[in-house]
Amino acid sequence: MKLQTQLIHGGISEDKQTGAVSMPIYMASTFHQTHIGQAKYEYSRTSNPTRQAVEALVADIEQGTAGFAFASGSAAITTVFSMFNAGDHIVVGNDVYGGTFRLLNQVFKRLGLTFTAVDTRDLDAVEHAITKDTKAIYLETPTNPLLHVSDIEALAKLAHAHNILAIIDNTFASPIVQQPLTLGVDIVLHSASKYLGGHSDVIAGVVVVKDPDLAEQIGFLQNAIGAILAPQEAWLLQRGIKTLALRMQAHLANTATLFEFLKAQPEVAKIYYPGDPDNPDYAIAKKQMHGFGAMLSFELQPGLDPQKFVENLHVITLAESLGALESLIEIPSLMTHSSVPRDIRLANGIQDELIRLSVGVEAVDDLKADLTAGFAALK
């Protein structure tokens with residue numbers, strides 16, 4: 001099946017007992033066993049029919065063999081990092097979500113895991129950072145919030161040449177735009193609260209793998225740690241995924257239009273967008289992405305107040321998160337990346353004037369009018 005069809009009919013898309021085309025919400029904590037050790041379901045932390053349905057679906061749409069659903073994107077990341085031991089080393093992208101940095105720097109570092117942050121667009125820098133203790137390369141592409149694009153296939157080959165894992169957070173792209181497992185990556189994960197859910201009504205995370213051994217490890221940790229996705233949220237996530245292709249079509253079109261609009265605004269000093277032909281990452285983005293994503297980041301001219309700008313918008317919602325039907329805007333230095341020390345933020349190119357915009361599916365003329373009002377408020 002084509003991906004657009006898989007979104008609707010992939011995984012476990014209907015209830016085999018009743019024929020219901022919407023998988024029921026099995027609000028059961030435990031299940032009746034007629035014979036010990038022979039039950040399909042025993043306890044919902046270990047397995048639940050509703051969660052199993054969405055896990056099968058995400059495995060299909062990312063072209064993996066096994067999927068796992070978690071209570072949040074952070075829970076998914078935590079579970080993946082829990083594969084490693086004290087003394088292990090991870091090469092991590094220097095432009096990752098602030099919560100990922102916080103998790104590594106303030107939780108796993110305390111437990112003995114070490115990491116080195118590098119620009120994963122620089123293959124030489126990545127290889128130089130690999131040590132005898134390195135177990136994985138972990139990155140986002142496009143990154144959050146500067147939308148840098150790394151060569152997925154080249155990084156996967158580099159990782160495997162050193163017998164380590166390649167792990168990619170694919171949240172910003174979505175499976176419509178990019179499928180890292182097909183490019184050699186070992187583990188792909190998402191904050192499913194974003195494009196996969198798409199409606200700002202569910203917190204969830206997913207992990208997808210191809211290798212059966214990795215699937216066994218992740219499955220064990222999912223059950224042992226217990227940060228699983230509840231049945232109600234699993235149902236919401238599966239429902240959201242069904243419209244992903246339609247939503248992304250509108251997201252991508254609006255984003256391309258707003259990029260051209262922002263280029264013409266004198267208040268804008270710089271725009272970060274993989275679809276910009278002048279972007280140094282444009283060639284890589286064009287090679288591995290189907291469209292350029294629906295995120296835009298831009299810097300205001302020095303001296304202009306980004307807080308004043310975002311607080312004078314009325315259609316675009318000032319909020320953290322992204323990938324929703326509604327357009328969402330935020331200031332990374334004050335919001336999503338406030339946990340990253342300012343000197344590190346600045347060294348990584350995250351200026352105080354930087355604004356991140358998740359472009360929704362509203363009428364694009366309304367979005368342009370709203371941004372125009374924000375710029376007018378700066379004068």
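Quantities reported herein were computed from a predicted structural model and do not represent experimental measurements.
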Notebook entry, point to check: When you measure from the side chain of S327 to the backbone N and O of I316, does any donor-acceptor pair fall under 3.5 Å?
Noted result: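 No, the answer is negative, given that no donor and acceptor are paired below the 3.5 Å cut-off.
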
Next item on the list: Verify, without hydrogens or angle tests, whether N85 (side chain) and D88 (backbone) share a donor-acceptor contact under 3.5 angstrom.
Entry: no

Within the structure provided, determine whether [X] and [Y] are in side-chain contact (heavy-atom separation under 4.5 Å).
| X | Y | result |
| --- | --- | --- |
| H290 | L3 | no |
| M295 | L357 | no |
| F31 | S44 | yes |
| K242 | H9 | no |
| I187 | Y138 | no |
| T134 | T116 | no |
| L147 | F172 | yes |
| N254 | L367 | yes |

Distance in Å, [X] [atom1] paired with [Y] [atom2], rounded so as to fall on 0.5 Å steps:
| X | Y | atom1 | atom2 | result |
| --- | --- | --- | --- | --- |
| L189 | T171 | CG | OG1 | 6.5 Å |
| L57 | S13 | CG | OG | 8.5 Å |
| Y26 | Q52 | OH | CD | 10.5 Å |
| L7 | M248 | CG | CE | 11.0 Å |
| I203 | S72 | CD1 | OG | 7.5 Å |
| R45 | T30 | CZ | OG1 | 11.0 Å |

Checklist line | Derivation of the side-chain contact (heavy atoms from CB on, under 4.5 Å) call for H32 and T34 | finding: CA-CA 6 Å; H32 178 204; T34 55; 4.0 Å; yes

Is atom [atom1] of [X] surrounded by more than 12 heavy atoms (other residues, nucleotides or ligands) closer than 6.0 Å?
| X | atom1 | answer |
| --- | --- | --- |
| K286 | NZ | no |
| H128 | NE2 | no |
| K287 | NZ | yes |
| E260 | CD | yes |
| Q249 | CD | no |
| E216 | CD | no |

Testing the 3.5 Å rule here: is there a donor-acceptor pair between the side chains of [X] and [Y]?
| X | Y | answer |
| --- | --- | --- |
| E326 | S200 | yes |
| H148 | E140 | no |
| Q33 | Y41 | no |
| S191 | K194 | yes |
| Q222 | E55 | yes |

Item checked: Criterion side-chain contact (heavy atoms from CB on, under 4.5 Å) on T143 and V96, from CA distance to verdict -> CA-CA 6 Å; T143 61; V96 295; over 6 Å; no

Next item on the list: Identify whether the distance between the nearest side-chain nitrogen and carboxylate oxygen of D201 and R239 falls below 4.0 Å.
Entry: yes

Notebook entry, point to check: Does the salt bridge (charged side-chain N to carboxylate O under 4.0 Å, His left out) test come out yes or no for R342 and D352, once each step is laid out?
Noted result: CA-CA 9 Å; R342 186 171 185 269; D352 293 339; 2.6 Å; yes

Next item on the list: Could you check whether the rings of F115 and F101 sit parallel, tilted or perpendicular, using 30° and 60° as the cut-offs?
Entry: perpendicular

Margin query: Between K379 and E267, is the salt bridge (charged side-chain N to carboxylate O under 4.0 Å, His left out) condition met? List the steps.
Written below: CA-CA 10 Å; K379 297 175 182 178; E267 296 86 358; 3.7 Å; yes

Next item on the list: Evaluate side-chain contact (heavy atoms from CB on, under 4.5 Å) for Y272 paired with L296, printing each intermediate quantity in order.
Entry: CA-CA 6 Å; Y272 299 88; L296 286 167; over 6 Å; no

Side-chain donor/acceptor pairs under 3.5 Å, residues 175-184, sequence neighbours excluded:
residue	atom	partner	partner atom	Å
Q178	NE2	T141	O	2.8
Q178	NE2	N170	OD1	2.9
Q179	OE1	Q63	NE2	2.9
Q179	NE2	I61	O	2.6
T182	OG1	Q179	O	2.6

Next item on the list: Any pair with a residue in residues 116-126 that passes salt bridge (Lys or Arg N to Asp or Glu O under 4.0 Å), sequence neighbours left out, goes on the list, sorted by first then second residue, please.
Entry: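 Listed by first then second residue: D119-R121, R121-D281.
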
Aromatic ring centroids of [X] and [Y] under 6.0 Å?
| X | Y | value |
| --- | --- | --- |
| F292 | Y282 | yes |
| H251 | Y195 | yes |
| F309 | F375 | yes |

Check: Can you hop from I228 to L196 via hydrophobic side chains spaced under 4.5 Å?
Finding: no

Note to self: Run K270 and D276 through salt bridge (charged side-chain N to carboxylate O under 4.0 Å, His left out) and show every step you take.
What the structure shows: CA-CA 11 Å; K270 189 173 183 179; D276 180 357; over 6 Å; no

Notebook entry, point to check: How does the hydrophobic cluster around L325 look, that is, which other residues are in it when side-chain heavy atoms under 4.5 Å mark a link?
Noted result: V361

